[in-house]
Structures are given as C-alpha cells and as structure tokens.
Amino acid sequence: MITRRSFIGAAAALGATAVLPASPVAAASLQRLVAGKRTIEVAGRAAGVYGLTNKTGSSGLVLQPRERFSVELVNHLDQRTIVHWHGQTPPPDLDGVADTGYVGPLAAGEARPFDFDARPGTHWMHAHHKFQDQMLLTAPLIVLGDSDIRADLQEVTLLLNDFSFRHPIEIFEGLTGGLGMDHGDGGHGGGHSMHQMDLNDVEYDAFLANDRTLDDPMVVRTERNGRVRLRIINAAASTAFWIDLEGHQATVLAVDGNAVRPVMGTVFPLAQAQRLDLLVDVAAGALVPVFARREGDVARTGLILAAPDVVVPRFTGIGEVAAPVDLSLEVMLEAAEPLSQKTAAVRHWVMLTGGMSPYEWTLNDRGWGRRHRLKVGRDQRVEIGFRNTSMMAHPMHLHGHHFHIIKVNGRAVAGAMRDTVLVPPGSTVVVAFDANNPGRWLYHCHNLYHMMAGMMSEVIYADEPGPDRDGSA
Ligand SMILES: [Cu+2]
C-alpha cells in the first residue's frame, strides 16, 4: 500500500524532474490541460457540461513546491475559449483573458502554452469567455508549498458549482427581459421567488460538490484521528454559500490562497470565486459533514469526512434557509503576511451600481463599453474603496494582484490578503495593494451574470505600452 506521505514524496520528485529544462517554454515540459466536453449525472439525469482535464484524467492541476506553471492549454470545444488562472499573478498576456486585448481567445482545436512562476495556495481555473463558467469549465489549481509537505495533512479539495439544465444564454435572456420576471410557477430559470429577491438571481436545478449532489456525496475516509486540510473553492457562477460543519470546529488556515492567523469556527461564509482552507480534525468514530448552504435558500450540497469504519447515513440536498452571506468572518481575519504599513500614493472609489430592472450591473454607473479605467503608477501603493449602493452583494475580483483588506464599513481592520472580496449591499470595503505587476488588468464582479451585464472594468498602469483597444472580441 502506498502511503499518502510516500505518494506526495514521489510526486514531488517527479515535479522536480519535470521542471529541469531551463528554456522559458520547452514543449516537453508542458503539462497538457484539455478544455473539453464531458457528461456527468445530476439527479439521475445525464448532463452535458464542459471541463478541464489533466493528463491523468482528473480535473484541474496540483503543482508541487517550486514547480512552475507550465501548461499547454488545448481547446477541444467546438467554440472559442480562454481559461483564467484565478489567484495566479503572471504577466498580463498570460492571465488567460481576452478582454484586455493582449491575446485573443483560443480557436476550436487550438493549443497555447502558458509558463510562469506559480503562486502557492488554493487557487482555481475557469473560462473567461461568455457563459462557459456556468457550463462547469471550472477546476481546482492547487499549488503546494514546502510547508504543506512538512505539515503532512490529508489533502481534500472541494469544488462547488451551481448547475442548471438550461443553457446559460437562456438564463441570461430570462434575466435581461427575454422572459418576464413574474412567471411565479416555481419553475426554473430567470424568474425567482420573492424571498430570494436580491440574494439569488437564478433558479438552479442542483448545487454540486466535486460534481456530485448531497444525496450521492463524495465520502472521504480519513485516517485514524485524521487531520485534514480541506481546500474549498467556490466555483459557482452566481451563488454564495455558507460552509457549515454542523457544529464541528475547524480552523481557518488561508483564504484565497493566502495564510491567515488561525481563526476557529463552525460556519464560514464563502462568496463566488473565494477559497477557504480549513484544518479539520476527524476524531476516531467521527463523521464531519461539510455542507455548503446556498444563502437565502434551503438548498445545500457538500461532501462527508468520515473516520474509518463509521457508517455514513443518507443526506438530502434540502436543509434550513441560510442567511445572506456577510462580512462576519472578514472582520476577524488577519493576514499571516500583511502588506507593509505605507501611505497610499493613489486612492480610487468604485461605486457598485445597477439593478434588476432593467438587468444592468455597473461600476460607477458605467458598463464595460463605457468603463472608466483606474490608473495606477508602477510600484505605487494603491487603495481602492468599493461602496455598494445597489441591492445585491458583489464579490469583487482584481486580476494579477492580491490585495489587503484594510477597512470594512469605515472601521480599520488588520485584514486578510485576498483576490476577491465580498461587498454586501450598503457596505464599504477598502483594499490596498502594491502595483507590482505592470499591465492592464480586469477587475469585476464575480457573479457571472453581473459581469456579463456590464460590471467589469480595468486597472491600468500609467505608461503601460500594452495595446489600447476596446477589447470587445
Ligand atoms: Cu455583482
């Protein structure tokens, strides 16, 4: 029997061999990652979805300590795509987006190399093209560090998705007016019941945890008195969850791939695109359900951590109504490696604006076509204040950087380092970062439907020689 310890050791050795070639992009060293179609079963029904599959046939990538991100992305879809390496900080032309104009999307059948220094932590990858996220073109991107190897915890990754049998374009048209909002028949699609107003735009058919629903969940057998590093990724297109361990204590180790000072808890908010690393002890005879409860709804998904020999009961995807996801965890977090104390050289305010009817979501009242770019200077300390004057929460993501949360609703906080922060209705969050990755970078709401309805703009470095085109591909 191969122990986990020896498996990780062997994998690390392979990784070290694989990165030996020193040339920037040596074809032989590239890992192949295929964006393609696949079929999963959801509630007893076959569902045609997309996926990102590595050479071993599993989803996404796990990189060993100090291994480069050296990937050949291959597009096996019958349409164009491009994949963003969410949480990584590569040069702007390798960010996996087409909207900034450095590169176009990959044509059907095209392969493209990506090679850069990997940033450790729990990250993920997802399409940044049209509505392909909603088709499950999402996968984990775990970059291990030396401390992970030393800690020798049992590694478990949990990728969360929202799922509909309807095509996302149909969902979007339902939201933007193709269908009325008052088809109150409890059916699927853009119409929504009153109690969900302003929390959830979309009616889904299921919520998935590693592609499975809670009536047939993944059961992870832990070691005797096992210690698990649970890496949770909210890859859902438009759903925020509460991670709920049903009263079992866990310790927050990291958020968005950045270590924090340990915080204990039993429930944790997780907005779209955010990651949460938990240390979970599974005592002898224990069973720890890891539920992801949709905010404002009874729906839930998740996986089960079970000690050896424990009988696992059946679960259902219906629980109690969950509260709106909030900043209760955010104000308790403190980065293990915060930004230095420094006065900002430039401050920008961004109002999160727009609404449901018409379905238009904007930044400072401007959609993508009329966007105001935020200008920054190389090596400047930058502060951005997000003030949400709309009726829905917006998880705001900045590409190419990680930022420090320094103020929540007017109160200074020590704050975590993140790449995505939730800004609930009526709230203000100020983030700070050092402008150390020159280029033009997207920042946007990570609710896919809000982004596609206009809630996206750019941070652009002064004197950046990059292309100056509109980006409408
Ligand atoms: Cu939004």
Side-chain angles (χ1 to χ4, degrees), residues 33-38 40 49-54 58-63 69 71 73-77 79-90 94-100 103 105-106 112 114 116 118-119 121-143 157-164 168 171-172 202 204 207-211 231-241 256-257 270-276 292 395-400 402 418-420 441-452 455-456 473:
L33 188 69
V34 175
K37 294 185 179 180
R38 63 201 178 101
I40 61 172
V49 298
Y50 299 159
L52 285 152
T53 308
N54 64 39
S58 60
S59 177
L61 288 174
V62 179
L63 301 186
F69 185 96
V71 167
L73 176 65
V74 185
N75 181 8
H76 278 187
L77 300 171
Q79 57 182 284
R80 301 200 290 180
T81 191
I82 193 160
V83 175
H84 170 53
W85 320 110
H86 190 123
Q88 295 298 305
T89 49
L94 298 177
D95 190 41
V97 300
D99 308 277
T100 44
V103 297
L106 283 75
R112 187 178 295 175
F114 291 85
F116 53 84
R119 181 187 179 102
T122 303
H123 302 297
W124 62 301
M125 57 181 79
H126 63 86
H128 222 291
H129 190 70
K130 302 198 168 164
F131 294 97
Q132 292 171 348
D133 278 26
Q134 184 70 85
M135 301 289 290
L136 308 194
L137 201 59
T138 64
L141 170 53
I142 310 299
V143 181
T157 299
L158 169 54
L159 186 90
L160 299 167
N161 287 104
D162 41 27
F163 173 83
S164 173
I171 296 173
F172 189 65
V202 179
Y204 284 104
F207 298 90
L208 305 178
N210 295 343
D211 290 338
R231 300 175 184 267
I232 310 173
I233 301 161
N234 186 354
S238 78
T239 304
F241 296 98
D256 297 0
L270 192 64
Q272 296 91 324
Q274 291 184 329
R275 288 85 72 205
L276 175 70
M396 297 304 300
H397 172 47
L398 170 64
H399 287 230
H402 285 247
R418 282 192 176 280
D419 59 41
T420 306
W441 296 99
L442 296 178
Y443 77 98
H444 59 88
C445 175
H446 223 288
N447 181 320
L448 178 64
Y449 297 93
H450 293 188
M451 183 182 84
M452 295 302 281
M455 208 164 195
M456 179 162 84

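Side chains included, hydrogens not; waters and symmetry mates left out as well; all remaining heavy atoms used. Heads up: numbering here begins at 1 and tracks the sequence.
In this structure, H446 has its ring center under 6.0 Å from that of W124.
Atom CG of L137 is separated from atom OG1 of T81 by 5.0 Å, given to the nearest 0.5 angstrom. Of the inter-residue distances, the one linking H128 atom NE2 with I82 atom CD1 reads 9.5 Å to the nearest 0.5 angstrom. Once rounded to the nearest 0.5 Å, the distance linking NE2 of H76 with OG1 of T53 reads 10.0 Å. One finds the CG atom of N161 at 9.0 Å from the CG atom of D133 (value rounded to the nearest 0.5 Å). Put simply, CZ on F69 and NE2 on H123 are 11.5 Å apart, with the number rounded to the nearest 0.5 Å. One distance of note links CD1 of I171 with OH of Y449; it measures 3.5 Å at 0.5 Å rounding.
Of the possible polar contacts, one joining the H402 side chain to the G87 backbone as a donor-acceptor pair under 3.5 Å is found. D162 contributes a side-chain N or O that, together with a main-chain N or O of A237, makes up a donor-acceptor pair within less than 3.5 Å. H126 places no side-chain N or O within donor-acceptor distance of the main-chain N or O of H84, the cut-off being under 3.5 Å. The backbone N or O of T420 sits less than 3.5 Å from a side-chain atom of Q274, completing a donor-acceptor pair. When atom types are taken as modelled, the side chain of R80 and the backbone of L106 share no donor-acceptor pair closer than 3.5 angstrom. With hydrogens and angles disregarded, a donor-acceptor distance shorter than 3.5 Å links the side chain of N210 to the backbone of L159. Between the Q132 side chain and the T138 main chain, no donor and acceptor come within less than 3.5 Å of each other.
Residues passing the side-chain contact (heavy atoms from CB on, under 4.5 Å) test with V143, sequence neighbours excluded: L63, Q88, A118, P120, L141. Partners of A209 under the side-chain contact (heavy atoms from CB on, under 4.5 Å) rule, at least two apart in sequence or in another chain, are L158, L160, T301. By the side-chain contact (heavy atoms from CB on, under 4.5 Å) test, V62 pairs with Q64, I142, L144, sequence neighbours left out.
C445 has its side chain out of reach of M456: every pair of non-hydrogen atoms, C-beta onward, lies at least 4.5 Å apart. Counting only heavy atoms from C-beta outward, the side chains of H399 and H444 approach each other to under 4.5 Å. Counting heavy atoms from C-beta on, the side chains of L208 and I40 come closer than 4.5 Å.
Residue A139 comes nearest to L52 through the heavy atom pair CB-CB, 4.0 Å, listed as atom of the first residue, atom of the second, then distance. The two atoms that bring A240 and N234 nearest to each other are CA-ND2, 3.9 Å, heavy atoms only.
For R119 and D419, the salt-bridge test fails: no basic side-chain N is under 4.0 Å from an acidic carboxylate O.
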